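Here the structure is laid out as structure tokens; the discussion comes afterwards.
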2 protein chains.
Amino acid sequence: MTKNSPMSSARRRSDCVCINLRRMSRVVSQIYDDALAPSGLKITQFCLLRAIERLGSTSVGALADDQELDRTTLTRNLALLERDGLIEQSAGVDKRMSVAQLTRAGSAAIARALPHWEGVQKELRRTLGAETLAQLSDIHARISGVAKASAG
Amino acid sequence: MTKNSPMSSARRRSDCVCINLRRMSRVVSQIYDDALAPSGLKITQFCLLRAIERLGSTSVGALADDQELDRTTLTRNLALLERDGLIEQSAGVDKRMSVAQLTRAGSAAIARALPHWEGVQKELRRTLGAETLAQLSDIHARISGVAKASAG
DNA sequence: GAAAATTAGGTGTATATACTCACAAATAAC
DNA sequence: GTTATTTGTGAGTATATACACCTAATTTTC
């Protein structure tokens, strides 16, 4: 009992992995949203548009898989982008599928937001270090692996 | 140009720090929510209740600071807990303040959920490793520091 | 001590997120 | 070829999240 207090009450934040991740997510999202504000896009929308750009014409399901995002959530998010004229959705060859693709305005919005996004990325790389960001990527990959394993 | 492709297209997920964090947050939240489902609490509610338990009677503002959560978001989240009888809110000495405290049902809910939560924590520690979780905590602390610096 | 400034919270509105259920199209069974 | 099953989406509902604005209570100024 003499080896007590291993830095115990020092950073007595939370020991819940989930809530720590949610907090980080909130804090960082605001940094990005603030930076992207002049472009009129939120970081979620920017990344969704970029995913559509990268994948070309894609179905809701494929996009949901790509983004590790619930399909029905994606439906709502896509509806907002379509409302704002940034994407178009149409039925695919398989009439059940809804295929999304960028509009000219969507491409323009990406281009407008890109430098702001790059600024934050660079700033984070500077303040946190490239190694830390690589760690985060690695952890992300492993967490996704765990989730897929337990879901399958 | 001969030094091309530094593991480029291999894990071509996303290079956006923010979206990676959001994804991790989503994926991990579902793991916790699934595990906590029998208790009737979501992980957000569980951690919020635990924070109130830890802080005792606290004002909305103090709790928001503690949780790094927007004050108005907290108002809504607390309203749900109050609706379900897990907390009570009353005016403080300073009549502007709304002070929240656990009810008996709230304490019971924490107790009911705790073993499920501990199970997930242990499982994550096993699959990801204690070192990884420590890295996440460290990154979290540094990110919060960055955010506070840029906000102040 | 009354006017001004600050502070603590709540409301309206909006996006992000996911679950359950419903529906329509495509595919498989027979 | 008609029925049963599977599959791809959307809608209803609910929580989580934050911003802009509003109100009420406190504190500060004079």
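Keep in mind that this is a model prediction, so the values were computed, not measured.
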Report task. Could you state the atom-to-atom distance from CD of B:Gln89 to P of C:dG9 in whole Å? Result -> 10 Å

Query raised in the report: Hey, are the side chains of A:Thr44 and A:Leu48 touching, using non-hydrogen atoms and a 4.5 Å cut-off?
Result: no

Requested in this report: Classify the side chain of B:Arg71 and the base of C:dG9 as holding, or not holding, a donor-acceptor pair under 3.5 Å.
Outcome: yes

Query raised in the report: Is A:Thr73 side chain donor-acceptor paired with the C:dA18 base, going by distance under 3.5 Å alone?
Result: yes

**Report entry** Nearest to side-chain heavy atoms of B:Asp94, which nucleotide of D:dT26, C:dA16, D:dG10
**Finding:** D:dT26

**Report entry** Nucleotide D:dC19, atom C1' - distance to CG of A:Leu36 in whole Å
**Finding:** 16 Å

Requested in this report: For D:dA14, take OP1 and OP2 only and decide whether either is under 4.0 Å from a side-chain N or O of B:Arg83.
Outcome: no

Report task. Please work out if A:Arg76 contacts a base, only the sugar-phosphate, or nothing of the nucleic acid, heavy-atom cut-off 4.0 Å. Result -> base

Report task. Decide, yes or no, whether a salt bridge links A:Arg50 with B:Asp15 under the criterion of side-chain N to carboxylate O below 4.0 Å. Result -> yes

Query - Check: A:Glu68 side chain, B:Val27 main-chain N or O, donor-acceptor pair, under 3.5 Å - result: no

**Report entry** Stepwise side chain to side chain donor-acceptor pair (under 3.5 Å) test for A:Arg26 and B:Thr73
**Finding:** CA-CA 12 Å; A:Arg26 286 197 304 261; B:Thr73 299; over 6 Å; no

Query - Along DNA chain D (nearest heavy atom to each residue), the more 5'-positioned of A:Val27 and A:Met97 - result: A:Met97

Query raised in the report: NA contact type, A:Thr72, heavy-atom cut-off 4.0 Å: base, sugar-phosphate, or nothing?
Result: base

Report task. For A:Ile31 and D:dA18, give me the distance from atom CD1 to atom C1', rounded to whole Å. Result -> 15 Å

Query raised in the report: Between B:Ala62 and A:Asn77, who's closer to the 5' end of DNA chain C by nearest nucleotide?
Result: B:Ala62

Report summary line: The residue, A:Leu80 or A:Lys95, whose nearest nucleotide of DNA chain C is more 5′ is A:Leu80

Query raised in the report: Whole-Å distance between C:dC19 P and A:Leu74 CG?
Result: 14 Å

Query raised in the report: Base, sugar-phosphate, or nothing for A:Ser29, non-hydrogen atoms under 4.0 angstrom?
Result: nothing

**Report entry** Integer-rounded Å distance: D:dC21 P and B:Asp70 CG
**Finding:** 15 Å

Query raised in the report: Within the distance-only criterion (no hydrogens, no angle test), does the side chain of A:Gln121 pair as donor or acceptor with the backbone N or O of B:Val17 below 3.5 angstrom?
Result: yes

Query raised in the report: To the nearest angstrom, how far is A:Glu82 atom CD from C:dT15 atom C1'?
Result: 17 Å

Query raised in the report: What about B:Arg26: does its side chain form a donor-acceptor pair under 3.5 Å with the base of C:dT17?
Result: no

**Report entry** For atom CG of A:Leu49 and atom P of C:dA16, their distance in whole Å
**Finding:** 11 Å

Query raised in the report: Just how far, in rounded Å, is P of C:dA18 from CD of A:Glu68?
Result: 10 Å

Query raised in the report: Would you say A:Thr44 reaches C:dA16's phosphate, i.e. side-chain N/O to OP1/OP2 under 4.0 Å?
Result: yes

Report summary line: Among C:dT15, C:dT11, C:dT17, the one nearest any side-chain atom of A:Lys42 is C:dT15

Query raised in the report: Does a side-chain N or O from A:Ser59 land closer than 4.0 Å to OP1 or OP2 of D:dG8, or not?
Result: no

Query raised in the report: Is the backbone N or O of A:Leu21 less than 3.5 Å from a side-chain atom of A:Ser25, with the two atoms forming a donor-acceptor pair by type?
Result: no

**Report entry** A:Gln30 side chain, from C-beta outward: closest of D:dT17, D:dC19, D:dA16
**Finding:** D:dC19

